Peer 1: 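Structure in structure tokens, see below.
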Protein chains: 2
Amino acid sequence: MTNIRKIAEMAQVSPSTVSRVLNGYAYVSKEKEEAVWKAINETKYRKNINAVHLRKGKTFLIGVVIPFTNHPYFGQLIEGISEMAIEHHYNLVLFQTNYHEKKEIEALNMLKHKQIDALLICSRTSPLKTIKEYLDYGQIVLCEDTKEESISSTFVDHYQAFTMALSYLHKNGHTKIGYCIGRRSGANSQKRERAYKDFMQRKNGILREDHIFEDCLYFEDGEHVVKQIMEMEDSPTALLVTSDQVAAGILVSCENKQLSVPDDLALIGFDNQPISKMMKITTIEMNLIKIGRNLFLQAIDGQVEMKKEIAVQLIRRGTV
Amino acid sequence: MTNIRKIAEMAQVSPSTVSRVLNGYAYVSKEKEEAVWKAINETKYRKNINAVHLRKGKTFLIGVVIPFTNHPYFGQLIEGISEMAIEHHYNLVLFQTNYHEKKEIEALNMLKHKQIDALLICSRTSPLKTIKEYLDYGQIVLCEDTKEESISSTFVDHYQAFTMALSYLHKNGHTKIGYCIGRRSGANSQKRERAYKDFMQRKNGILREDHIFEDCLYFEDGEHVVKQIMEMEDSPTALLVTSDQVAAGILVSCENKQLSVPDDLALIGFDNQPISKMMKITTIEMNLIKIGRNLFLQAIDGQVEMKKEIAVQLIRRGTV
DNA sequence: GCTTGCGTTGAAACGCGTTTCATAAATTAT
DNA sequence: ATAATTTATGAAACGCGTTTCAACGCAAGC
């Protein structure tokens, strides 16, 4: 295996100069630079990345914790993250947790053992207390409002976003509003629940536990929601659906059941995924790619704003 | 930062002995071993993984090339891969290509620059010729039959699987059979097309280009297929659907359009995904997790059988 | 009593790119 | 013309765990 010293010898320069050429530093004469490149090309030299990592004390790996890879919400998040990763010559190590705390701890331990430089948790299961114990070992970034906590984060104001969506429905004459969500226990979900309950109480809307639909993650989950609604006595006239996929599923299911959208049931999706545009679903854009990008930048650079809120936007289309 | 030499000093032994303790080698006396552990615990020593990588000449990273992360086919494949990766203390670097060749080349170049030890290509876009140029730089494993080629692979016999499924439909009285596929250009897709055309010709079945439905990847794509079929004059009475997701979408769509399955339209899905069990869809099990596991093993170990075929199995349920 | 061999241990080499420090030469500033 | 920079380059140190080689001690074998 040819190394930098051999190149140096061939080009009649010192290893330092080879390194300088390789990394594009100034202060190398044209002749020597050319000699070095010539030797590099002749030998097909490739630098040993592990030596670089050792010297720099970094692995250039960022861990990314997500519950599922097969959901477009996380798909977009990863897209943003990965875009920045490429730009900064980092690689990503994915940890799919399926919301098992054990998997999350595994990722945290990778950070502890310096297998990764930083950890990005897109959706967590373990308590903040646990996560904080690992802060000494490297940067950890969350995707939720960490307010007074000392943990970096990029997030949207889910309380405000939900309130905005609810107001919009209310203005359109709805008082019986329900919502669909993936799981109720997440930090962001709790914020949404708080917003929902506060709003419904404030506006004297009808607040019923069975107007909250759990386990709504995929397209096919929409059908189940419609079925439940149709069997319900006092069913909601509008739904906040925290995933455009599910909103699309609900929409299709409604069409098939001769339920008119928005007349019988109004819908607001979330994320502004391609499918919502295709199916003309009114939605809340979260700019997940932007969130992803910022998450990454926080992970590699302590300088970046420690807590960054990303604005959301109501996109009016045809389902309200 | 405390390192192995400091531990050695504290425990009054040599660095070699510390290394031996750390790696669980025999031939270390109890007293010294205990002394070493004591020092390790006191200092909260964590070993520098980059030094290990440098010394061992490996990164313990395996690249995985997939077109999309958000499809359960690849989700299961990754599950198998990742299971083995954990067991063998490797990490995965995901390259999502969206079928862009450029992205695939990026991954191949990572191998060239020794950023990853091996590359696992689950679905490729670039020609075999290109891939072969990178074989010198590390192990590359494909997920398709590489027959006479000198590239490792784990695969299923798609020709045989398709033929089996077609036979089953034929035996059940179908001659007008169509099929749904993601893209037609992939190596595996071409095998399937070959099988389809051969079979239809052999059995004098009706072979029409418009009985081949492209771009069928997700649940929602099923609706489009049903729509097309209903508008068709001489529509197929049975479909091979190369993804259970799509088969489920078709099934739902049929129900809504008062089409009876299997009487009006018979369906055979692929992959035996959870959804097919839930919805009682007859399917071809591919054992993707097993494939994933084997792909990984081939990537890290030249010893493992170079080409491995994984058997498929027809799972009879309610849609034929 | 001497050879053989296993158990145990440490010194030193190894993998290799980066970076600091010192020095020399060439410019520019005063 | 002299001092102060800037440019250019190399030697050596550095990061650090692993592994090989040699050696020593002690026990078993002849």
Side-chain angles (χ1 to χ4, degrees), chain A residues 1-40 43-61 89-90 110 112-117 137-138, chain B residues 1-40 43-61 89-90 110 112-117 137-138:
Chain A
M1 202 69 248
T2 117
N3 62 26
I4 214 172
R5 277 163 238 269
K6 220 169 277 170
I7 297 293
E9 206 180 298
M10 287 177 66
Q12 307 263 46
V13 297
S14 70
S16 339
T17 300
V18 178
S19 176
R20 281 189 269 259
V21 170
L22 241 22
N23 295 292
Y25 291 137
Y27 303 147
V28 178
S29 67
K30 276 225 175 70
E31 308 86 65
K32 303 223 170 184
E33 189 181 339
E34 275 162 26
V36 169
W37 280 121
K38 188 161 161 280
I40 288 172
T43 53
K44 289 183 187 169
Y45 165 77
R46 293 168 288 150
K47 74 166 131 181
N48 186 326
I49 205 77
N50 288 321
V52 180
H53 291 172
L54 171 59
R55 176 66 228 217
K56 299 223 178 190
K58 296 208 252 173
T59 61
F60 290 90
L61 288 177
H89 306 290
Y90 273 76
M110 288 269 299
K112 181 168 177 174
H113 297 313
K114 297 195 277 191
Q115 298 250 32
I116 52 178
D117 291 342
Y137 306 124
Chain B
M1 202 69 249
T2 116
N3 61 27
I4 213 171
R5 276 162 238 270
K6 222 169 275 171
I7 298 293
E9 206 180 300
M10 286 177 67
Q12 306 263 47
V13 298
S14 71
S16 340
T17 300
V18 178
S19 176
R20 283 189 267 258
V21 170
L22 241 22
N23 296 291
Y25 291 137
Y27 302 146
V28 178
S29 66
K30 277 228 175 65
E31 308 86 63
K32 303 224 170 183
E33 190 182 339
E34 274 161 28
V36 168
W37 280 122
K38 187 161 162 280
I40 288 173
T43 54
K44 289 182 186 170
Y45 164 78
R46 291 168 290 149
K47 74 166 129 180
N48 186 326
I49 205 78
N50 288 321
V52 179
H53 290 171
L54 172 60
R55 176 67 228 216
K56 299 224 178 190
K58 297 209 252 173
T59 62
F60 290 90
L61 288 177
H89 305 290
Y90 274 76
M110 289 269 300
K112 180 167 177 175
H113 296 314
K114 297 194 278 192
Q115 298 249 32
I116 51 178
D117 291 343
Y137 305 125

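Residue numbers start from 1 in every chain, and the chains themselves are labelled A, B, ... in the order their sequence lines are given, proteins ahead of strands. The figures here come from the full heavy-atom set of this structure, side chains too, leaving out hydrogens, waters and symmetry mates. None of these values were measured; they are calculated from a predicted model.
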Peer 1: Just compare D/dT19, D/dG17, D/dT9 and give me whichever is closest to any side-chain atom of B/Tyr45.
Peer 2: D/dG17

Peer 1: Select from A/Val28 and B/Thr2 the residue whose nearest nucleotide in DNA chain D is closer to the 5' end of that strand.
Peer 2: A/Val28

Peer 1: Could you check whether any side-chain heavy atom of B/Val21 comes within less than 4.5 Å of a side-chain heavy atom of B/Trp37, counting everything from C-beta outward?
Peer 2: yes

Peer 1: By a strict heavy-atom criterion of less than 4.0 Å, which residues belonging to residues 49-61 of chain A are in contact with DNA chain D?
Peer 2: A/Ala51, A/Leu54, A/Arg55

Peer 1: Under 4.0 Å, heavy atoms only, any strand: does A/Val13 hit a base, just the sugar-phosphate, or nothing?
Peer 2: sugar-phosphate

Peer 1: Centroid separation under 6.0 Å, is that true for the rings of A/Phe60 and A/His53?
Peer 2: yes

Peer 1: Under 3.5 Å, is there a donor-acceptor pair between the side chain of A/Arg46 and the main chain of B/Lys112?
Peer 2: yes

Peer 1: Tell me: CG of B/Leu22 to C1' of D/dT19, nearest whole Å?
Peer 2: 15 Å

Peer 1: Quick one: does any side-chain atom of B/Asn50 pair with a main-chain N or O of A/Asn50 as donor and acceptor, under 3.5 Å?
Peer 2: no

Peer 1: Give a yes or no on whether the backbone of B/Tyr25 and the side-chain of B/Asn23 come within a donor-acceptor separation of less than 3.5 Å.
Peer 2: no

Peer 1: Given atom CD of B/Glu33 and atom P of C/dT9, what is their separation to the nearest angstrom?
Peer 2: 10 Å

Peer 1: Indicate whether OP1 or OP2 belonging to D/dG10 is found under 4.0 Å from a side-chain N or O atom of A/Thr17.
Peer 2: yes

Peer 1: Find the bend of the helix from C/dG1-D/dC30 to C/dT30-D/dA1 as the angle between its two terminal axes (five pairs each), to the nearest 10°.
Peer 2: 30°

Peer 1: Rounded to whole angstroms, how far apart are CD1 on A/Ile40 and P on C/dC16?
Peer 2: 15 Å

Peer 1: Please tell me which of the listed nucleotides, C/dT18, C/dG7, D/dG17, lies nearest to the side chain of B/Lys47?
Peer 2: D/dG17

Peer 1: Is there a side-chain contact between A/Ile40 and A/Leu22, using heavy atoms and a 4.5 Å cut-off?
Peer 2: yes

Peer 1: Looking only at atom types and distance, does a side-chain atom of A/Thr43 sit under 3.5 Å from a main-chain N or O of A/Ala39, one as donor and one as acceptor?
Peer 2: yes

Peer 1: Do the side chains of B/Tyr45 and B/Met10 get nearer than 4.5 Å, heavy atoms only?
Peer 2: no

Peer 1: To the nearest Å, how far apart are B/Ile4 CD1 and D/dC14 P?
Peer 2: 18 Å

Peer 1: Whole angstroms only, please: what is the CD-C1' distance between B/Glu9 and C/dT9?
Peer 2: 17 Å

Peer 1: Between D/dT19 and B/Tyr25, is there an OP1 or OP2 to side-chain N/O distance shorter than 4.0 Å?
Peer 2: yes

Peer 1: Rounded to whole angstrom units, what separation is found between the OH atom of A/Tyr27 and the C1' atom of C/dA24?
Peer 2: 15 Å

Peer 1: Quick one: label A/Ser19 by what it contacts on the DNA or RNA (base, sugar-phosphate, nothing), any heavy atom closer than 4.0 Å.
Peer 2: base

Peer 1: Would you kindly give the CZ-to-P distance between B/Arg20 and C/dG7, to the nearest whole Å?
Peer 2: 14 Å

Peer 1: Could you tell me the separation between the CZ atom of B/Arg5 and the P atom of C/dG10, rounded to a whole number of Å?
Peer 2: 14 Å

Peer 1: If you find the nucleotide of DNA chain C closest to A/Asn23 and the one closest to B/Lys30, which residue's nucleotide is nearer the 5' end?
Peer 2: B/Lys30

Peer 1: Quick check: do A/Ile4 and A/Lys47 have side-chain heavy atoms less than 4.5 Å from each other?
Peer 2: no

Peer 1: Taking side chain as C-beta onward, heavy atoms only, is B/Asn48 less than 4.5 Å from B/Asn3?
Peer 2: no

Peer 1: Select from A/Asn48 and B/Ser16 the residue whose nearest nucleotide in DNA chain C is closer to the 5' end of that strand.
Peer 2: B/Ser16

Peer 1: Would you indicate, yes or no, if C/dG10 has its OP1 or OP2 atom less than 4.0 angstrom from a side-chain nitrogen or oxygen of B/Lys32?
Peer 2: yes

